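See structure below.
Since the structure is predicted, the reported quantities are computational estimates derived from the model, not experimental observations. Order of the sequence lines fixes the chain letters, A, B, ..., with proteins taken first and strands second; residue numbering starts at 1 for each chain.
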Amino acid sequence: MANPLRILAVAAVPLVLTALACLGQEGGAKATSAADVSDDPVSSVLPERVATGAAARGEPSQGRSLSQPMPWGGERIVPFGQVLDRQAAKAESLADRATRRVFDGAPPVMPHSERFGEGSKTCLDCHTEGMTIGDRVAHPMSHAPYASCTQCHVESENRDLPPAAAVDTGFEGWRLKRAKIERPAGMPPAIPHDLRMRNRCLACHGEHGYPGMRTSHPERAVCVQCHVPETAER
Amino acid sequence: MQLDRRSFVKSAAMAAAVSAAGGKPGALSALTASSPRDVTWDKAPCRFCGTGCHVQVGVEDGKVVAITGDERADVNKGLLCVKGYNVGGILYGPDRLTTPLLRKNGRLQPISWDEALDVVAERILADPEGFAIYGSGQWTIPEGYACQKLIKGGLSNNNIDPNARLCMASAVTGFLATYGVDEPASCYEDFDDCDVLILWGNNMAEMHPVLFSRVLDRKHRGASVRIIDIGTRRTRTSDFADRYLEFEPHTDQLLLNGIAHLLLADDAWNKDFVEKHCAFRKNTEPLSLFGEPMSFDEYRAALAEYTPERVAAQSGVSIDDLRMLAGLFADPELRITSTWCMGVNQHTRGTAVNTQIHAVHLLSGHFGRPGDGPTSLTGQPSACGTVREVGTLAHALPGGRLVAKDAHRADVEKLWNLPAGRINKVPGTHTVAMWDQFCRPKKDGGDVSTIWVQVTNPGQSLPNTNRLFFPKDDLDEKFLIVSDVYPTVTTELADLVLPSAMWVEKNGIFGNSERRTQQWFKQVEPPGDARDDVWQVIAVARRLYDAGFDGMRDKDGDFLFTIRDGDGREVPVWEWERYYDVNVDRELFEEYRAFTRMKHKDLAPYDEYVAARGLRWPVVQDAEGSWHETQWRFAEGLDPYVAEGAGFQFYHSTSKDDRAQIWFHPYTPPPESPDDEFPLWLSTGRVLEQWHTATMTGRVPQLQQAMPSAYLEMNRADAAERGIQNGDRVIVRSRRGETELPVWIDGRGEPPRGSVFVPFFDETQLINRVTLDATCPISKQPDYKKCAVQVTKPGV
């Protein structure tokens with residue numbers, strides 16, 4: 001039988017969080033006005049938010065162009081102050097990923113020639129930390145390094161040989177389907193995908209990852225401290 | 001998101017409820033997310049190479065939708081190669097064969113299974129001695145076993161031979177000649193323990209990628225492993241190697257004799273090991289598998305002429321490099337693993353080279369401890385499990401027995417409950433001879449009149465197909481039956497095509513390179529009217545039985561394929577609707593197990609394999625009833641059949657004294673070498689993305705796009721001399737045939753001057769019209785790696 005006082009105390013925490021979240025969610029792209037904070041004892045002690053970039057222009061952030069600063073870049077962050085609706089951007093990133101993977105979890109094909117480096121040795125030059133040059137992104141590896149990259153990752157098309165005639169197939173690769181997940185703002189979402197070969201989170205969710213999947217807090221190093229897998233182990 | 005007061009209270013309450021229940025943040029999302037559609041997962045070995053990786057197959061709505069590497073599998077520990085990741089896609093090419101087809105008026109027309117089975121039975125009854133089965137190292141164990149029983153036990157006909165004759169026959173004869181019993185003594189754990197990995201003419205990075213990664217990843221994590229690639233052209237493997245030694249084609253024989261010579265000259269052979277556990281052997285005239293004894297002094301004298309100077313001059317490997325190799329073998333502390341595959345096996349002296357590799361290891365004592373020993377790698381997923389162990393070869397019987405031995409035939413007749421004398425004692429025709437006879441009129445000695453091909457594509461993969469396959473087109477008296485899954489070069493000339501179930505569309509059992517027998521269950525339905533190959537064989541046998549053919553009855557008059565359910569009632573498994581009433585695989589496997597004890601290749605009960613990710617034979621039961629696999633054979637403490645105190649015991653020794661044989665073979669030049677008219681060596685082989693004749697992988701978009709067509713690899717200088725540029729189309733021609741290909745210079749492989757390479761996967765550019773069908777005289781395996789060609793631009 002749980003201690004009632006303890007339940008109350010524990011229950012209070014999400015209440016407070018929810019309250020804060022509600023206040024912040026309306027924030028969106030607009031700076032909070034004095035009127036909004038005046039009634040609320042909590043936010044009056046929190047630092048004021050200054051919007052820049054897309055936020056300053058009153059535009060919803062697409063999270064797409066790499067040349068634009070992140071919507072919250074350079075400013076002080078209000079905890080739970082802003083939850084961006086990035087479903088469209090996320091869907092675009094997921095679709096982008098899917099074009100290179102025969103099913104969710106398969107090793108991606110390389111969209112460039114194998115000769116970008118010489119076989120496996122120079123893959124690591126770009127794909128260890130990852131890099132962004134202009135609008136080309138080399139994602140970091142999502143898994144610990146193996147020695148023989150080309151064993152699993154082949155070219156999307158062989159640029160040295162006459163191209164293949166189109167190949168039809170009835171194979172429909174599995175794609176992870178996720179509903180829009182309702183959660184109180186600020187709660188770290190669970191990891192909806194398998195962690196096999198995907199245990200270096202910043203590969204997709206970091207600076208050189210996918211725009212629509214970018215984490216708001218890349219500086220926090222131990223992702224799995226807060227984000228746990230949703231899927232059961234096979 | 002604007003929260004009105006009511007929603008706020010509601011979500012706050014939810015949050016409180018979750019916290020009170022001790023729920024994690026993720027739990028909340030589970031309450032509101034829609035549940036994913038159901039994907040069920042089950043294990044299977046990969047359909048492709050002899051490595052035998054285990055995969056987990058994800059099935060949803062009756063289709064394979066995803067593949068992952070099986071993390072609990074010892075072989076691959078969750079890693080796959082690009083073919084493995086795409087193995088789910090091989091089932092779904094749009095032109096799967098789904099109905100039996102009979103050629104009428106030149107065109108294949110759909111017919112019923114009833115009619116198809118009648119056709120097969122009629123052909124057999126019309127000429128039972130002229131009937132032959134051409135099978136495969138990609139047969140499951142029950143498939144090969146059923147064909148063995150049908151043809152050898154039923155038709156008293158030994159004309160059954162597999163495509164593995166083209167890939168592993170020389171490895172088999174090499175093992176038999178050395179140890180008296182087939183298959184490696186070692187296992188994959190050697191890759192985790194070796195200090196040196198020597199590759200004898202095999203492109204392991206592309207052909208056994210997951211095994212190669214086992215060594216590479218150790219190296220890259222800082223382990224001290226040296227990789228030495230000994231080959232006739234630079235490949236991806238060479239890029240990963242510490243040393244690449246290039247040798248003149250066919251001179252692998254010289255290199256090995258050269259190393260043995262140096263070991264003796266430097267007094268560096270392992271005297272203790274040789275004295276206790278080895279004997280010496282030489283060829284007889286005519287050549288035979290078991291040869292005759294020779295003394296150590298004779299052996300030393302025979303090697304005298306293989307001085308470093310001579311070997312270096314002829315092979316192109318420097319004296320320093322030779323000494324380096326010999327120096328490695330001379331070091332008793334080093335753990336040296338040698339691997340080889342087609343470079344050594346597809347060789348007109350393949351048996352010899354195989355025994356020479358074993359000999360160098362035995363002579364230097366690099367044998368029988370983890371990381372130390374010769375490990376022949378198998379190409380196909382079940383050349384070991386099916387062909388070599390079930391004995392689906394023209395001269396063999398299950399469990400390492402031979403048709404020519406009275407005692408072995410009696411053994412098999414007893415186990416199959418056959419009347420004495422049912423099994424024919426004359427070996428049948430091996431692959432090259434079988435197709436030679438098939439492609440020749442009966443009046444000219446073409447005794448083979450009907451071939452039933454299963455799970456292989458000889459029209460594309462036989463050597464010299466202008467002689468061994470395409471003449472079938474003009475021979476109406478010959479009948480070709482093909483059980484396959486897609487249209488192929490072979491079905492182009494087939495008279496009857498039978499649609500087959502594939503991989504996880506049926507139950508199955510494979511056996512990989514390290515003696516690991518691996519089982520899987522059917523997970524999806526085959527398309528249309530495609531049916532299991534085992535069913536096809538049993539159904540044909542039943543047709544013959546119904547026609548009164550005596551061979552289909554055992555000694556008691558029972559049908560050869562009498563399968564009973566748990567209550568002892570016979571199940572008519574030849575009726576397709578009843579086939580899965582029982583697990584026919586289990587029934588046949590349990591029957592076959594009895595054969596495996598004689599040569600100590602003991603197999604465990606079927607259900608043990610269901611529970612495991614494969615088990616390596618001999619699998620032996622302990623006093624408590626648990627089954628234990630064997631990793632290293634012939635070594636005391638590791639092999640349950642080695643007597644205590646013996647150290648090593650080669651208990652099938654051909655000299656009957658528990659010793660392994662160190663063979664001497666002289667260098668014998670190849671039957672065809674470059675000359676003025678055909679000045680280049682042609683080698684053929686595979687690439688990572690395409691499996692064999694690409695009937696499966698070529699229908700997977702990702703693989704086909706990565707490797708869309710065959711090409712001719714040519715040395716830059718050779719091309720320049722001929723005015724040939726990268727991408728030009730050229731004709732490669734031998735005395736036997738020709739084909740046209742685009743040139744790829746400095747592509748994936750780099751041949752040296754004087755040689756070219758062509759992969760054989762492309763059905764639109766058939767390089768086997770060009771290759772040579774000369775074989776090793778002992779193993780009858782052809783040499784796909786060496787013949788003489790010219791390369792010219794079209795119109796020149």
Quick one: closest heavy-atom pair of [X] and [Y], and the distance?
{"X": "A/Phe103", "Y": "B/Ala66", "answer": "CD1-CB, 3.8 Å"}
{"X": "A/Cys152", "Y": "B/Tyr85", "answer": "SG-CE1, 3.8 Å"}
{"X": "B/Pro701", "Y": "A/Val167", "answer": "CG-O, 3.7 Å"}
{"X": "B/His220", "Y": "A/Ala147", "answer": "CD2-CB, 3.6 Å"}
{"X": "B/Met707", "Y": "A/Leu161", "answer": "SD-CD1, 3.9 Å"}
{"X": "B/Leu216", "Y": "A/Ser148", "answer": "CD1-CB, 3.8 Å"}

Examine whether an atom of [X] lies under 4.5 Å from a heavy atom of chain A, and if so say whether it belongs to the side chain, the backbone or both; otherwise answer neither.
{"X": "B/Arg96", "value": "neither"}
{"X": "B/Leu688", "value": "side chain"}
{"X": "B/Asn86", "value": "side chain"}
{"X": "B/Leu703", "value": "neither"}
{"X": "B/Asp70", "value": "neither"}
{"X": "B/Val210", "value": "both"}

In terms of heavy-atom contacts, does CD of A/Glu172 have more than 12 from other residues, nucleotides or ligands at under 6.0 Å?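 Result for CD/A/Glu172: open.
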Greater than 12 external heavy atoms within 6.0 Å of B/Glu740's CD: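 Enclosed.
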What's the spacing between [X] [atom1] and [Y] [atom2] if we round to 0.5 Å?
{"X": "B/Ile745", "Y": "A/Asp160", "atom1": "CD1", "atom2": "CG", "result": "11.0 Å"}
{"X": "A/Gln151", "Y": "B/His208", "atom1": "CD", "atom2": "NE2", "result": "12.0 Å"}
{"X": "B/Trp744", "Y": "A/Asn158", "atom1": "CH2", "atom2": "CG", "result": "5.0 Å"}
{"X": "B/Arg214", "Y": "A/Tyr146", "atom1": "CZ", "atom2": "OH", "result": "12.5 Å"}

Among A/His227, A/Glu155, A/His153, residue most engaged with chain B (heavy-atom pairs, under 4.5 Å)
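Of the options given, most contacts go to A/Glu155.
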Exercise. Does the B/Lys63 side chain pair with the main chain of A/Gly170, one donor and one acceptor, at a distance under 3.5 Å?
Worked result: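 Flag set: sc B/Lys63 to bb A/Gly170 pair under 3.5 Å.
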Next item on the list: Taking B/Gln702 for its side chain and A/Pro108 for its backbone only, find out whether a donor-acceptor pair lies under 3.5 Å.
Entry: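 No, the answer is negative, given that no donor and acceptor are paired below the 3.5 Å cut-off.
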Using non-hydrogen atoms only, which part of [X] is less than 4.5 Å away from chain B: side chain, backbone, both, or neither?
{"X": "A/Ser156", "answer": "backbone"}
{"X": "A/Met110", "answer": "neither"}
{"X": "A/Arg100", "answer": "backbone"}
{"X": "A/Pro163", "answer": "backbone"}

**Item:** Which of B/Ser213, B/Gly84, B/Ala205, B/Gly93 touches chain A most, by non-hydrogen pairs under 4.5 Å
**Value:**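 Among the listed options, the one with the most contacts to chain A is B/Ser213.
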I'd like to check B/Glu689 versus A/Thr150 (side-chain heavy atoms, cut-off strictly below 4.5 Å). Are they in contact?
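B/Glu689 vs A/Thr150: side chains apart.
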Inset, instruction - Just do the side-chain contact (heavy atoms from CB on, under 4.5 Å) check on B/Leu79 and A/Met197 with the steps written out, would you? - result: CA-CA 9 Å; B/Leu79 187 63; A/Met197 298 289 195; 3.7 Å; yes
